[in-house]
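The block underneath contains the structure these notes are about, expressed in structure tokens.
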Amino acid sequence: MPQINAACSSPNYLEVMKAGVGKAQGMEAVCRHLGIDCRQAVAFGDGYNDLDMLCAAGRGYAMANAPEGVRAAAPYVTKANDEDGIAFALRECFPEAARI
């Protein structure tokens, strides 16, 4: 159905949206508002509904606890949510900030 965009956000949830609507478009709107290019953005996600955003960001990280299909499709993978995966990846992206 070309008029819809659907993604599983967990085994029990199916998100159905109008075509062209997704997290990538939300990230693009925020980046536009901030006056930056999406290639300067870092994004994190752990579900299929995050894939468009992870691929649109300059650095898109799937969490280690994400389903295998998300980890395989994401440009980067970081540690799991309960292993401080976001902090770990941010230190990797911005080593100068690790001293703070």
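Please read these numbers as outputs of a predicted model, since none were measured by experiment. In this chain, numbering begins with 1 at the start of the sequence shown.
- T78 OG1 to R91 CZ: the interatomic distance, rounded to the nearest 0.5 Å, is 9.0 Å.
- When the side chains of ILVMFWY residues are joined at heavy-atom separations under 4.5 Å, either directly or via intervening members, Y76 and F94 end up in a single hydrophobic cluster.
- Side chain of R71 to backbone of A66: a donor-acceptor contact under 3.5 angstrom is found.
- Annotation: side chain of Q25 is in contact with side chain of D52 (closest heavy-atom distance under 4.5 Å).
- By the 4.5 Å heavy-atom criterion applied to side chains, F44 and N81 are not counted as neighbours.
- Here the closest heavy-atom approach between residue A56 and residue A24 is recorded as CB-CB, 4.0 Å.
- Contact of the M63 side chain with the I86 side chain is registered, since non-hydrogen atoms from C-beta on lie closer than 4.5 Å.
- Here the CG-CE distance, from N49 to M17, works out to 7.0 Å after rounding to the nearest 0.5 Å.
- Hydrophobic clustering places I4 together with L14 (ILVMFWY residues linked when any side-chain heavy atoms are closer than 4.5 Å, directly or through intermediates).
- In the hydrophobic clustering of ILVMFWY residues, with side-chain heavy atoms under 4.5 Å counting as a link, V77 and L54 come out apart.
- For the pair Q40 and D37, the minimum side-chain heavy-atom distance is below 4.5 Å.
- C31 meets the side chain to side chain contact (heavy atoms under 4.5 Å, CB included) test with M27, I36, C38, A41; sequence neighbours excluded.
- Distance check: D46 CG to N65 CG gives 5.5 Å after rounding to the nearest 0.5 Å.
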